[in-house]
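Structure first, then comments.
Every chain is numbered from 1, with letters handed out A, B, ... down the list of sequences.
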Amino acid sequence: MKDKIAEKLLLFIALSAIISLMLITFFIFQQGIPLIFKAGLGNFLSLKWAPTRGGFGILSMVVGSLMVTAGALAVGIPFGLAAAIFLAEFSSKAIQKTLKPIIELLAGIPSVVYGFIGIVILVPFIRETFGGPGFSVLAASIILGIMILPTIVSISYDALLAVPNTYREGSYAVGATKWQTVVLLLLPAARSGIVAGIILGMGRAIGETMAVIMIAGNALKIPGSILDSVRTLTSTIALELGYAAGDHRGALFACGSILFLIIIVLNIIAIRITSRK
Amino acid sequence: MSKISIKRLSLYYDSCQALKDISLDVESGEILAVIGPANSGKSSLLRALNRLYEIDRASIEGDIRLDNESIFRLPINVLRRRIGIIFATPVVLPGSIRKNISYGPRLHRKLSKSDVDELVERALKSANLWDEVKERLAESASFLSGGQQQRLCIARTLAMRPEVIMMDEPCSGLDPISTAKIEATMLELKKEYTFILVTNNTKQAARVSDRTAFFYLGELIEIGSTQRLFTSPVDRRTDDYIRGKFG
């Protein structure tokens, strides 16, 4: 009897999580899609964003989001992978036990703090060293790159540890050095986990809002270089939703729908890759 | 001069001593069988010879010489190329059959595609596996049967052109037919290589080896020609073991 109640209760709680996800999805698309039809696909995919005067072009924001995400990966992948390889293969148990929680702690720092550090340290540094406004693709990429490190490091680390020890012995036994074993054997063997980690990090980078608003400059154009200011889809929603009404509001929900689609596609890819063995 | 000469070798895992003051020679071109019950130090002996014990963080005393040169002075990749090892459970690397074989040689020198073709064919033929897999060299090696995987591991070791091949209970998980195939392979290869065969199967030791060493609790109890050791052992513990009274 008690079992039955517990089972039903758990089922209800589990379902409510799924149902709220479905409701959110439905709401975003229901609010956003009509605007796309009303404005027309040509207008929606143009460069002209003037939502109070009938310009609903989101192209520069989509490009901005993709640029910042690509930049974040360019920073996060080499550092994250190097950290994971060091932890899994080259460090002692004691070092692993100390460093891994510290890296995971990075995920717990609020994004506004990252943004703050960006404004105070990184933006002036970029302005003085490379010129330009400082608020730039580069600043956002570096901060986001650091923010996605815990995802990439811990998933890649787990993937490396999951490679059976017999592979390592087999490789050492034919005279491979540690480094050769990592590059030729362990990275290929752990590839699916590593790629999944990168894609999840990518999802986090594309969805991040607060830190990006604070350091990207938010100018409404496609950046000509990595030192130019940039505006992402998420920034636009956060900056404008407070005063938007009517079609403007619809256009922001349309931005949300596009963002949602991008993230769903990334997650499906990640699940596909991790389940393939 | 002996191929391998072990002098007063002791090996420790933390506080536990796995090998106690072992001295023994391995002659060129022989098959030396190492027998003994569990925990007798047989596998530790092999892991000392190619310095694989280093990844277990074990420590060692004494000296081991290969062609009269201390193995502790050889670069580790050279040592492990000269002394190959086959494990009890076949270690098939991810990737194709072809890749499994070329993995080792590729670490040491540059190989063209035709070099690899030749190397793969020769290694597989020597390991008596060529006829069974020649049509599917590009397929994943993990689909091979247990016996085929073990022969693939032998081929991978042979592709390194080692001088000594160590086998750590190579047939423990295999059926009698696969075992017979591996034993036949060993007897064929004996002309060119020196073998150290660790085995739990005393009958196997009697079938293939020239000399046999009996280990018990980390000590070398007795070593001698296989025929002599199995017919008139000197030590009572050897006698008990080969009669199946313990172990």
Closest approach of Thr98(A) to Pro101(A) (non-hydrogen atoms, all atoms of both residues): O-CD, 3.4 Å
Part of Thr177(A) lying under 4.5 Å from any heavy atom of chain B: neither
Contact origin within Val92(B) toward chain A - heavy atom pairs under 4.5 Å: backbone
Aromatic ring pairing Tyr53(B)/Phe72(B), orientation class (parallel under 30°, perpendicular over 60°, tilted between): perpendicular
Pick from Leu52(B), Asn50(B), Ile86(B), Ile55(B) with the largest number of heavy-atom pairs that fall under 4.5 Å of chain A: Ile55(B)
Short side-chain donor-acceptor distance under 3.5 Å, Asp117(B) and Ser114(B): no
Carboxylate-amine/guanidinium proximity below 4.0 Å for Glu169(A) and Arg47(B): yes
Interface residue of largest heavy-atom contact number with chain A, from Pro94(B), Gly95(B), Cys153(B), under 4.5 Å: Pro94(B)
